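What you see is a predicted model, and the numbers here were worked out from it, not measured in a lab. Computation of the quantities below employed the complete heavy-atom set of this structure, encompassing side-chain atoms and omitting hydrogens, waters and symmetry-equivalent molecules.
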There are 2 protein chains.
Amino acid sequence: MSKAARTKAFIIEKTAPVFNTKGYAGTSINDLSEATGLTKGSIYGNFTSKDDVALAAFDYNLQKVQNVVKSEMSKCTTVLDQLLVYVNVYDNFEKFPFPLGGCPILNTSTEADDTHPELRKRANAAILSWKNALVGLIEKGVKMKELRAQIDAEQTAVAIIALIEGGIMIAKVTGKSSFRKAVMQSVEKMIRGLV
Amino acid sequence: MSKAARTKAFIIEKTAPVFNTKGYAGTSINDLSEATGLTKGSIYGNFTSKDDVALAAFDYNLQKVQNVVKSEMSKCTTVLDQLLVYVNVYDNFEKFPFPLGGCPILNTSTEADDTHPELRKRANAAILSWKNALVGLIEKGVKMKELRAQIDAEQTAVAIIALIEGGIMIAKVTGKSSFRKAVMQSVEKMIRGLV
DNA sequence: TTATAAGCATACCGATCGGTATAATCATAG
DNA sequence: CTATGATTATACCGATCGGTATGCTTATAA
């Protein structure tokens with residue numbers, strides 16, 4: 001790993017939480033300098049623009065979330081347990097290495113949908129792949145006779161994502177994690193209703 | 001109504017959609033000038049700061065949403081129908097005079113939760129009052145024997161809000177209103193499950 | 001060990017940021 | 001119709017914005 005690659009990774013690691021809390025428009029190059037301890041010049045030596053850093057930071061934050069879920073899922077054998085991983089993970093948010101500032105998909109989606117096509121594209125892709133993963137999981141469960149046959153996999157998948165993201169948003173702005181936990185109970189009900 | 005009051009209302013009306021699409025940090029005073037056709041000086045003649053305009057704009061956008069719901073609810077007699085107003089309204093988003101840029105609660109919450117205490121406070125209050133309205137409605141339904149007695153009103157209310165906000169977010173970033181409609185079907189199921 | 005390039009800091013660019021002092025213009029009560 | 005205060009525009013403030021040109025300082029392959 002070259003020096004440049006290491007510095008680049010270092011910058012991403014340090015600035016990702018800043019972008020995820022302050023947002024794209026709310027984050028200045030100066031913020032990136034402060035977060036890394038590097039000067040503006042050295043940041044622009046490794047990235048071509050603020051956009052460039054922001055996109056890499058989003059990818060990093062998203063990876064972090066996906067790693068948590070993937071890691072927990074690998075411990076499960078049944079489809080039901082795999083689906084319940086989401087409940088577990090988002091119910092115990094703080095126990096996992098989650099990105100500072102909450103869910104990057106939620107944050108990036110709401111900021112970028114009207115303002116930043118490239119970031120929006122990434123958030124869009126993240127949602128679609130999440131949804132497809134859920135649909136695949138549910139269909140697998142149906143095939144394995146773990147879940148009922150008459151399930152609308154697509155509708156269920158989108159509802160689960162909406163509940164999770166909505167729950168995160170509510171808990172974050174109210175400062176009450178109990179709201180997130182309440183929503184996760186609804187997610188659990190919904191998942192157990194698939195059996 | 002004095003000239004000043006009319007101008008103030010005019011500024012709010014014209015800038016509210018700008019704040020709701022570009023966000024607080026992403027909106028400049030120059031944007032406000034362009035949106036109103038007024039110069040910076042005259043905006044600061046009616047408001048003390050950018051914050052001042054932003055807060056008023058949020059209130060305006062929130063009012064707009066609440067008016068739609070209130071107006072539709074007044075046409076309903078049963079609690080069930082009143083609850084289903086949310087499904088109807090958010091399913092047919094485009095047919096109602098909704099604020100440009102989507103749900104102001106969602107937009108403001110995700111941007112301001114880590115950055116802007118005053119805006120966050122307002123978004124927080126909006127969520128809580130929405131939740132309380134739902135809880136009140138559900139409890140009324142239980143008392144009137146319209147709904148089952150064993151309902152966890154609080155949990156149901158939070159779940160409905162989470163579904164709606166999550167659904168809006170997903171639909172907005174993907175550009176597929178069908179996702180929002182799918183989520184609203186889940187909300188309808190949830191509500192009909194209360195009977 | 002030394003040549004050479006890659007990596008980083010300093011200093012600067014024009015533009016725009018939020019905000020204000022002051023002058024011109026307008027509405028309105030007497 | 002005029003006086004007066006309220007309202008709006010002009011012009012400007014220092015600070016910060018994203019970005020860059022230019023050197024100094026390192027890492028690294030020969």
Name the atoms and distances for all side-chain donor-acceptor pairs under 3.5 Å in residues 66-74 of chain A, with sequence neighbours left out.
unit_1: N67(A); atom_1: ND2; unit_2: Q63(A); atom_2: O; d: 3.4
unit_1: E72(A); atom_1: OE2; unit_2: K75(A); atom_2: NZ; d: 2.9
unit_1: S74(A); atom_1: OG; unit_2: S71(A); atom_2: O; d: 2.7

Going by atom type alone, with no hydrogens or angles, which donor-acceptor pairs under 3.5 Å involve a side-chain atom of residues 4-19 of chain A and a protein atom two or more places apart or on another chain?
unit_1: T7(A); atom_1: OG1; unit_2: K3(A); atom_2: O; d: 2.9
unit_1: T15(A); atom_1: OG1; unit_2: I11(A); atom_2: O; d: 2.8

Any residue in residues 19-29 of chain A with a heavy atom nearer than 4.0 angstrom to DNA chain D? Just list them by number, or reply none.
T27(A), S28(A), I29(A)
Is the distance between the ring centroids of Y90(A) and F96(A) less than 6.0 Å?
no
Examine dG7(C): is either OP1 or OP2 under 4.0 Å from a nitrogen or oxygen in the side chain of N46(A)? Give yes or no.
no
K181(A) NZ: over 12 foreign heavy atoms closer than 6.0 Å:
yes
Ionic contact status for K140(A) with E146(A), cut-off 4.0 Å:
no
Please find the pair of heavy atoms, one from D31(B) and one from G26(B), that lie closest to each other, and give the distance.
OD2-O, 3.6 Å
Could you tell me the separation between the CG atom of L163(A) and the CD1 atom of I164(B), rounded to the nearest 0.5 Å?
11.0 Å
Drop me the distance from S186(B)'s OG to I160(A)'s CD1, to the nearest 0.5 angstrom.
9.0 Å
Nearest-Å distance for atom pair CZ/C1', residues R6(A) and dT26(D)
12 Å
Near-strand residues of residues 47-56 of chain A, defined as heavy-atom separation under 4.0 angstrom from DNA chain D:
S49(A), K50(A)
Rounded to the nearest 0.5 Å, how far apart are OG of S178(B) and CD1 of I170(B)?
11.0 Å
Rounded to the nearest 0.5 Å, the CD atom of E165(A) sits from the CD1 atom of I127(A) at a distance of 6.0 Å
Euclidean distance, L38(B) CG relative to L32(B) CG, rounded to 0.5 Å
10.5 Å
Do you know which two heavy atoms are closest between S49(B) and Y44(B), and how far apart they sit?
CA-CE2, 3.7 Å
Reported CD-to-OG1 distance for the pair E111(A) and T21(B), which is rounded to 0.5 angstrom:
12.0 Å
Describe, as an angle rounded to 10 degrees, how the axis at the first end of the helix from dT1(C)-dA30(D) to dG30(C)-dC1(D) is tilted relative to the axis at the last end, five pairs per end.
20°
Going by number, which of residues 30-45 of chain A have a non-hydrogen atom under 4.0 Å from DNA chain D?
N30(A), K40(A), Y44(A)
